[in-house]
Amino acid sequence: MNTNLEKIDTTAQAPVTEPERQYYFMARAREHVKALEERLGRKPLCCVTTFGCQMNARDSEKLAGILKAAGYEMTQEENADFVIFNTCTVRDNANQRVYGRLGVLNGYKKKNPGMKIALCGCMMQEPSVIEKLKKSYGFVDLIFGTHNIYKFAELLTASFEREGMIIDIWKDTDRIVEDLPVERKYSFKSGINIMFGCNNFCSYCIVPYVRGRERSRNPEDIIREIEGLVSDGVTEVMLLGQNVNSYGKNLENPVTFAQLLTQVEKIEGLQRIRFMTSHPKDLSPELIQVMKESKKICRHLHLPLQSGSTRILKAMNRRYTKEQYLELALRIKREIPDISITTDIIVGFPGETFEDVEETIDVIRKVKFDNAFTFIYSKRTGTPAASMENQVPESQVKEAFDRVLKAVQDTAKEQAGRFQGQIMEVLVEERNENDPRLLTGRLSNNMLVHFPEDISLIGKLVRVSLDVCHGFYYTGRMVEE
Ligand code: 5AD
Ligand code: SF4
């Protein structure tokens with residue numbers, strides 16, 4: 001949607017339909033930001049800080065889009081005029097980081113009393129968090145949750161027009177608002193939400209409580225958004241959902257994820273398709289077939305294992321066994337030999353024994369994951385696992401964590417070198433952080449490659465010879481066609 005904010009009559013009543021209502025409030029917020037600019041004698045600065053997953057990163061691009069439309073200039077510095085933390089609560093350490101960083105913001109606000117501090121995202125959906133913020137973090141101006149993020153323009157306006165802390169948290173929603181502005185971090189790649197929420201209720205996980213029930217976007221809206229992105233220079237998209245394999249089940253005209261991928265594949269000019277995250281219990285043979293035949297779907301599958309012990313998987317409510325996971329992962333590797341499989345593993349779930357951890361290590365060795373994120377189990381209030389009696393003592397978890405990590409590192413290293421000497425396509429992403437003479441690009445399987453070339457290639461697909469494997473990345477050189 002291309003709405004000219006200047007043309008909106010802000011003295012009229014706010015429209016009741018969306019997204020028109022939010023564009024009206026963007027225009028109103030813009031007037032406040034303009035007044036602030038005159039007072040400050042410079043452009044007001046805003047900073048969006050993201051905690052957590054790819055979904056949050058995409059939400060932050062939406063927040064940034066609205067802030068930019070309102071007239072703020074973006075900065076990475078948290079010492080800005082408007083700072084928003086888009087929070088995560090999947091593990092407790094994510095929450096602790098937010099509280100720590102809020103203390104720092106309070107220091108900035110004391111020096112710049114006009115500064116506004118806002119909080120949103122998953123952590124805000126927890127009532128205990130809101131209580132704590134109300135009691136001890138009175139300097140926060142605006143708090144909202146995951147279900148009403150589309151209302152950000154309206155809430156931003158309210159924060160200019162009302163005194164005191166504004167809190168707006170919804171318990172759930174069935175609503176999806178399309179066509180709001182987005183400020184992308186990369187010009188050539190983008191995340192796209194295809195669904196929101198999760199219905200799985202894994203017993204350790206807080207996500208279904210803070211992100212609500214599963215809702216899929218209409219395929220036409222997704223395709224239209226991707227087409228728009230492609231015409232704006234995007235060549236790689238990442239389709240996002242907590243459980244993309246159950247995409248489309250609750251639509252009026254049900255569509256499978258594999259069918260959606262087939263449609264996305266047809267978009268001309270789009271070169272690469274990624275997706276995240278897949279639940280093993282819902283990964284269909286149809287999807288494997290579509291991936292296998294596709295020229296655009298990347299050779300990477302993130303397939304969270306969580307545990308290799310059937311007993312623990314049952315307690316986790318994952319609804320697959322060790323054998324079913326192994327069968328699935330090995331079938332995918334057989335069908336698509338150059339694929340990289342990565343995973344998530346939780347160590348220290350209640351009741352986990354030495355033998356259970358051995359089962360997990362057995363799966364790691366058999367599947368040979370290309371990479372794995374290993375997490376220490378974190379007790380999340382309100383989840384079934386939090387009230388299980390046999391919580392594992394810290395020292396035992398630490399020992400198990402080290403063993404799992406070692407197994408992961410060993411197989412990842414072994415896997416990483418398997419493409420050495422080959423020539424592969426790389427999407428050039430940025431100038432190398434440590435060595436400005438090098439570019440950093442990404443292989444279809446998600447590994448990074450560093451090679452000397454000119455920054456004009458950023459955003460382009462080029463062919464690179466993978467000369468040396470350094471564990472988790474390659475160095476190489478570009479080759480002409
Ligand atoms: N403790 C530890 N890790 C968790 N995850 C989700 N909930 C918890 C928890 N309570 C991990 C899972 C999931 C990833 C995104 O975070 O491995 O796949
Ligand atoms: Fe959490 Fe399980 Fe849903 Fe993933 S699938 S978000 S781990 S409940």
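Only heavy atoms go into these numbers, but all of them, side chains included; no hydrogens, no water, no symmetry mates. Each ligand, and each atom within it, is numbered from 1 in the order the structure gives.
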Ring-face cation of Lys322 near Tyr325 (centre distance under 6.0 Å, axis angle within 45°): no
Arg211 NZ/CZ over Phe196 ring centroid, <6.0 Å and within 45° of normal: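 Because its charged atom misses either the 6.0 Å distance or the 45° angle limit, Arg211 does not stack over Phe196.
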Under 3.5 Å side-chain donor-acceptor pair for Asn86 and Lys62: no
Would you call [X]-[Y] a salt bridge at under 4.0 Å N-O?
X: Asp92; Y: Arg380; answer: yes
X: Asp344; Y: Arg91; answer: no
X: Asp410; Y: Arg365; answer: no

Side-chain donor/acceptor of Thr87 to backbone N/O of Met123, under 3.5 Å: yes
Verdict with reasoning, His450 to Tyr473, per ring-ring contact (aromatic ring centres under 6.0 Å, His included): CA-CA 8 Å; His450 308 294; Tyr473 64 92; 5.0 Å; yes
Non-neighbouring partners of Glu227 that pass side chain to side chain donor-acceptor pair (under 3.5 Å), sequence neighbours left out: none
Residue list, side-chain contact (heavy atoms from CB on, under 4.5 Å) with Ser203, at least two apart or on another chain: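 Once residues adjacent in sequence are excluded, the partners of Ser203 under the side-chain contact (heavy atoms from CB on, under 4.5 Å) criterion are Met316, Phe349, Pro384, Ala385, Met388.
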Ligand 1: protein residues within heavy-atom distance under 4.0 Å: Val90, Arg91, Tyr204, Gln306, Asp344, Ile346, Phe375, Ile376, Tyr377, Ser378, Arg380
Sphere of radius 2.8 Å around atom 2 (Fe) of ligand 2 - protein N, O or S atoms inside: Cys202 SG
Protein heavy-atom partner closest to atom 7 (S) of ligand 2 - residue, atom, separation in Å: Tyr204 OH, 3.4 Å
